[in-house]
Amino acid sequence: MSVKKRLAAALLAATALLTPLAAKPAQAADPGVLHIYNWTDYTSPDLIAKFTKETGIKVTIDTYDSNETLLAKLKAGGSGYDIVIVSNDFVPIFISQKLIQPVDAASLPNFKNLDPKWQARDWDPKAEYTVPWQWGTTSFAYDTKVYPGPVDSLATLFKPPAEFGNNVGMFGSPSEVISLALLYMGKPQCNTNPADLKALVALLQAQKPHVKVYNSDADSDRLISGETTISEIWSGDAFRARSQHPSLKYVYAKEGAIAWMDNLAVPVGAPDAENAKKFLNFMMDPQNAALETNFAGYANAVPGSSAYVTPALASAPEFNPPKDLKMVFATSCPAKATKDYDRVWTLIRQ
Ligand code: N2P
């Protein structure tokens, strides 16, 4: 073998070693069909129908309840999903664990439609991996017929007045419950301070007898049916719930609210990354972004979509956080804090 040939062979072998196995696209059971994995009640059927009509690409949707569930699913490998939706605080984790692949969102034709402030996001400054999906706030809603109020504090959720009985709803994931509890306590996010964690456990333990369910799925359905009369909830779900149960009220507490943005991403090994990118581009069209916003009740990153947002949503309190609200953006926690959170969660859930 000539030196040149040997060099080329060695290079080839080295490249093969460098290429992560997971980067090989999984074989889709149904090629050409786009497999989306999204949060529950978070994908507009009209949006999907429009995408299929315009592109001929069929879509399947599976759902999950939390970033933790999504993380576990992608870590297990071979999910077969082409698109997932990751909250801002989890994006750095998905990138560093090589669970989502570069998509060069900035090169997609509709990227220019994004509000410049959402083009460069802290968790993906060059838009290499993600496209904004929706953003909103996390707080709680309660039934004003059960408890007239006034309510101006997260204390009403964490130390519920007797009127709520044991009908409190809380989310089912450590990140969502602990971030709001720490906000109520006036303590830093991603907290590893032993005294703070002790107080956190005490707070959640004392609340627990009043909690009917820890579950992030169908939170609005339970408020609508009256199964819960007060519940941790995201702003859009609160809007949807109030539309069917007008005595519900979403609270902007004096301690503040957690704000977040969810982002479209393409898993490493996605069977159909090219069609996934078509969907990413599709979502940055103003009318399409509005379709999703009108369905789920959350803001998007495409200013041109405002013209298509329904008046009921555009004027809704859940959609318009007060100017003076203390918004704490969901914080990406280092591994040590996540471990502590898991310990707290195990204690609460056992
Ligand atoms: C809607 C899901 C909202 C996701 N049910 C919040 N990150």
Side-chain angles (χ1 to χ4, degrees), residues 36-48 61-74 81 83-94 100 118 121-124 130-141 169-180 183 189 213-225 227-228 231-245 248 250 256-265 283 289 291-301 313 316 318-319 321 327-333 341:
I36 300 183
Y37 192 37
N38 194 3
W39 300 68
T40 313
D41 296 329
Y42 211 28
T43 320
S44 153
D46 292 344
L47 176 84
I48 298 303
I61 316 257
D62 289 338
T63 60
Y64 52 87
D65 61 341
S66 64
N67 287 295
E68 285 89 340
T69 303
L70 171 63
L71 183 59
K73 184 79 174 182
L74 292 198
Y81 292 118
I83 292 205
V84 294
I85 282 87
V86 190
S87 299
N88 63 286
D89 46 331
F90 277 72
V91 167
I93 300 171
F94 280 70
I100 56 177
W118 294 124
R121 288 149 287 143
D122 283 352
W123 51 96
D124 188 11
T130 61
V131 159
W133 172 253
Q134 308 238 279
W135 74 270
T137 58
T138 306
S139 180
F140 71 98
M170 290 298 289
F171 282 155
S173 84
S175 57
E176 301 269 14
V177 169
I178 295 174
S179 54
L180 197 64
L183 184 68
Q189 298 289 313
V213 56
Y214 292 93
N215 185 346
S216 307
D217 276 343
D219 49 352
S220 37
D221 294 344
R222 281 186 293 276
L223 276 171
I224 292 165
S225 72
E227 188 186 341
T228 56
S231 179
E232 183 176 15
I233 198 165
W234 300 294
S235 48
D237 286 32
F239 169 75
R240 290 162 58 117
R242 183 172 60 79
S243 312
Q244 289 185 51
H245 191 120
L248 290 170
Y250 184 64
I258 301 288
W260 44 264
M261 174 173 266
D262 293 332
N263 306 264
L264 289 152
M283 273 320 294
L291 270 181
E292 175 54 31
T293 285
N294 285 335
F295 171 79
Y298 300 94
N300 61 65
L313 179 60
E318 296 87 350
F319 194 70
M327 281 209 239
V328 173
F329 228 76
T331 319
S332 195
C333 293
Y341 280 23

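Whatever order the structure lists them in is the order used to number ligands and atoms, beginning at 1. We use all heavy atoms of the structure for the numbers below, so side chains are in, but hydrogens, waters and symmetry mates are not. These numbers come from a predicted model, not from an experiment.
The environment of Asp122 atom CG is sparse: at most 12 non-hydrogen atoms of other residues, nucleotides or ligands sit within 6.0 angstrom.
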Identify all side-chain donor-acceptor contacts of residues 213-221 below 3.5 Å with residues at least two apart in sequence or on another chain.
residue	atom	partner	partner atom	Å
Asn215	OD1	Asp217	N	2.8
Ser216	OG	Gly172	N	2.9
Asp217	OD1	Thr40	OG1	2.4

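Scanning for ring pair (Phe, Tyr, Trp, His ring centres under 6.0 Å) contacts around Tyr81 gives Tyr37, with sequence neighbours left out. With sequence neighbours left out, Glu318 forms a salt bridge (charged side-chain N to carboxylate O under 4.0 Å, His left out) with Arg242.
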Return a table of N or O atom pairs, ligand 1 on one side and protein on the other, at distances under 3.5 Å, rounded to 0.1 Å.
residue	atom	partner	partner atom	Å
ligand 1	5 (N)	Thr40	O	2.7
ligand 1	5 (N)	Asp237	OD1	3.3
ligand 1	5 (N)	Asp237	OD2	3.1
ligand 1	7 (N)	Asp262	OD1	3.4
ligand 1	7 (N)	Asp262	OD2	2.8

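Each of Thr138, Asn88, Thr331 was checked for a side chain to side chain donor-acceptor pair (under 3.5 Å) with Trp260, and the lone residue meeting it is Thr138.
Of the possible donor and acceptor atoms, none in the side chain of Asp41 sits under 3.5 Å from a partner among the backbone N and O of Asp237.
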